[in-house]
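Working notes, structure below.
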Protein chains: 2
Amino acid sequence: MTPRACPPTPPVDPATDPDEELSRLAAALGHPARIRILRFLLERRECFAGAIVDHLPLAQSTVSQHLKVLREAGLIRGEVDGLHICYCADEERVHRIGELLQTLNAVPAGSER
Amino acid sequence: MTPRACPPTPPVDPATDPDEELSRLAAALGHPARIRILRFLLERRECFAGAIVDHLPLAQSTVSQHLKVLREAGLIRGEVDGLHICYCADEERVHRIGELLQTLNAVPAGSER
DNA sequence: CCTGTTAATCGTAGATATACGATAAAGCAT
DNA sequence: ATGCTTTATCGTATATCTACGATTAACAGG
């Protein structure tokens with residue numbers, strides 16, 4: 001019904017606490033197929049969804065679902081380009097995972113006994 | 001039956017490829033309760049399981065399951081100390097996640113067009 | 001021995017995730 | 001318009017996850 005064509009990445013709800021945000025991002029990485037997709041997109045800086053489907057031993061609909069998970073986590077973005085959709089990884093967002101991870105082992109400097 | 005008392009961290013199957021390893025670790029972080037447990041353990045350098053249960057709004061059995069997930073991912077270790085079990089985070093393993101993440105955005109130096 | 005404490009495990013209910021084929025929607029080409 | 005291509009979505013089956021209370025096992029103290 002709604003004429004929607006792959007929305008430009010939801011801003012990932014700024015009102016969530018760091019633990020929520022990290023667990024969401026981590027969950028999106030919690031499947032080998034999605035890691036492979038992300039790696040594929042980061043090696044080629046962009047590419048068509050069809051290329052991803054060819055690259056994985058999964059049905060087109062399954063890959064599309066994995067892409068959706070990554071999209072909703074903000075880790076990839078898709079732009080419509082004629083008949084194809086060009087996906088590219090959001091490197092900043094990938095980097096954000098590392099940042100959040102560091103808040104984990106960061107001992108509050110000087111406050112350890 | 002088997003007299004097993006919290007094994008000393010399974011070596012995390014060295015035969016898995018990086019994508020598998022990363023997705024496994026990420027999946028273990030893919031729940032806010034587990035992030036909170038990990039953060040808790042990294043702030044106190046060690047602590048009793050009971051303290052974790054008190055710290056979370058979850059039943060003892062639920063927390064125990066989350067601890068199991070973290071243990072099986074190698075992110076925490078538990079040592080029996082009398083009646084208690086002292087859990088501590090494996091910082092090296094947490095660090096490993098960051099390493100694996102970096103293999104993601106590492107462009108194979110010079111091989112990009 | 002019996003009792004209380006601590007933490008894992010069992011059993012289970014309900015929710016989410018994963019996979020697939022089928023279908024729908026949208027754009028190009030003829 | 002008709003047909004072809006591309007990708008998302010639907011419907012569905014199976015599996016895994018999450019949560020809980022109940023139970024079990026192991027230890028400490030009397």
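Throughout, a chain's letter reflects where its sequence line sits, starting with A, and its residues are numbered from 1.
- Taking A:C88 as the reference, A:E46, A:R77 meet the side chain to side chain contact (heavy atoms under 4.5 Å, CB included) condition, with sequence neighbours excluded.
- The side chain of B:L83 approaches C:dT6 more closely than any other nucleotide in the set C:dC20, C:dT6, C:dT9.
- Legend: side-chain hydrogen bond (donor to acceptor under 3.5 Å, both in side chains) pairs involving residues 51-66 of chain B, not counting sequence neighbours, sorted by first then second residue: B:R34-B:H66.
- Within the structure, the salt bridge (charged side-chain N to carboxylate O under 4.0 Å, His left out) test picks out the following pairs touching residues 94-103 of chain A (sequence neighbours left out): A:E21-A:R96, A:R96-A:E99.
- Checking C:dC28, C:dC20, D:dA8 against every side-chain atom of A:R71, the shortest atom distance belongs to D:dA8.
- Counting only heavy atoms from C-beta on, A:A49 has its side chain closest to D:dT7 among D:dT7, C:dT18, D:dT18.
- Partners of B:A49 according to the side chain to side chain contact (heavy atoms under 4.5 Å, CB included) rule, which considers only residues two or more places apart in sequence or in another chain, are B:L67, B:Y87.
- Between A:H66 and A:D81, the one whose closest nucleotide on DNA chain C sits nearer the 5' end is A:H66.
- Atom-to-atom, CD of B:E72 to P of D:dT18 comes out at 12 Å; the value is rounded to the nearest Å.
- Hydrophobic clustering, with ILVMFWY side chains joined whenever heavy atoms are under 4.5 angstrom apart, keeps B:L58 apart from B:V69.
- Ionic pairing of B:R24 and B:E20 is present here: one or more N-O contacts between side-chain nitrogen and carboxylate oxygen are shorter than 4.0 angstrom.
- For DNA chain D, none of the residues of residues 28-39 of chain A falls under the heavy-atom distance limit of 4.0 Å.
- Rounded to whole Å, the distance from CZ on A:F48 to P on D:dT7 is 8 Å.
- The side chain of A:Y87 contributes no N or O atom lying less than 4.0 Å from OP1 or OP2 of D:dT6.
- Taking a 4.0 Å limit (strictly below) on heavy-atom distances, residues 54-64 of chain B reaches DNA chain C at B:Q60, B:S61, B:S64.
- At a cut-off of 3.5 angstrom, counting only N and O atoms as typed in the model, there is no donor on one side facing an acceptor on the other between the side-chain of A:Q65 and the base of D:dA8.
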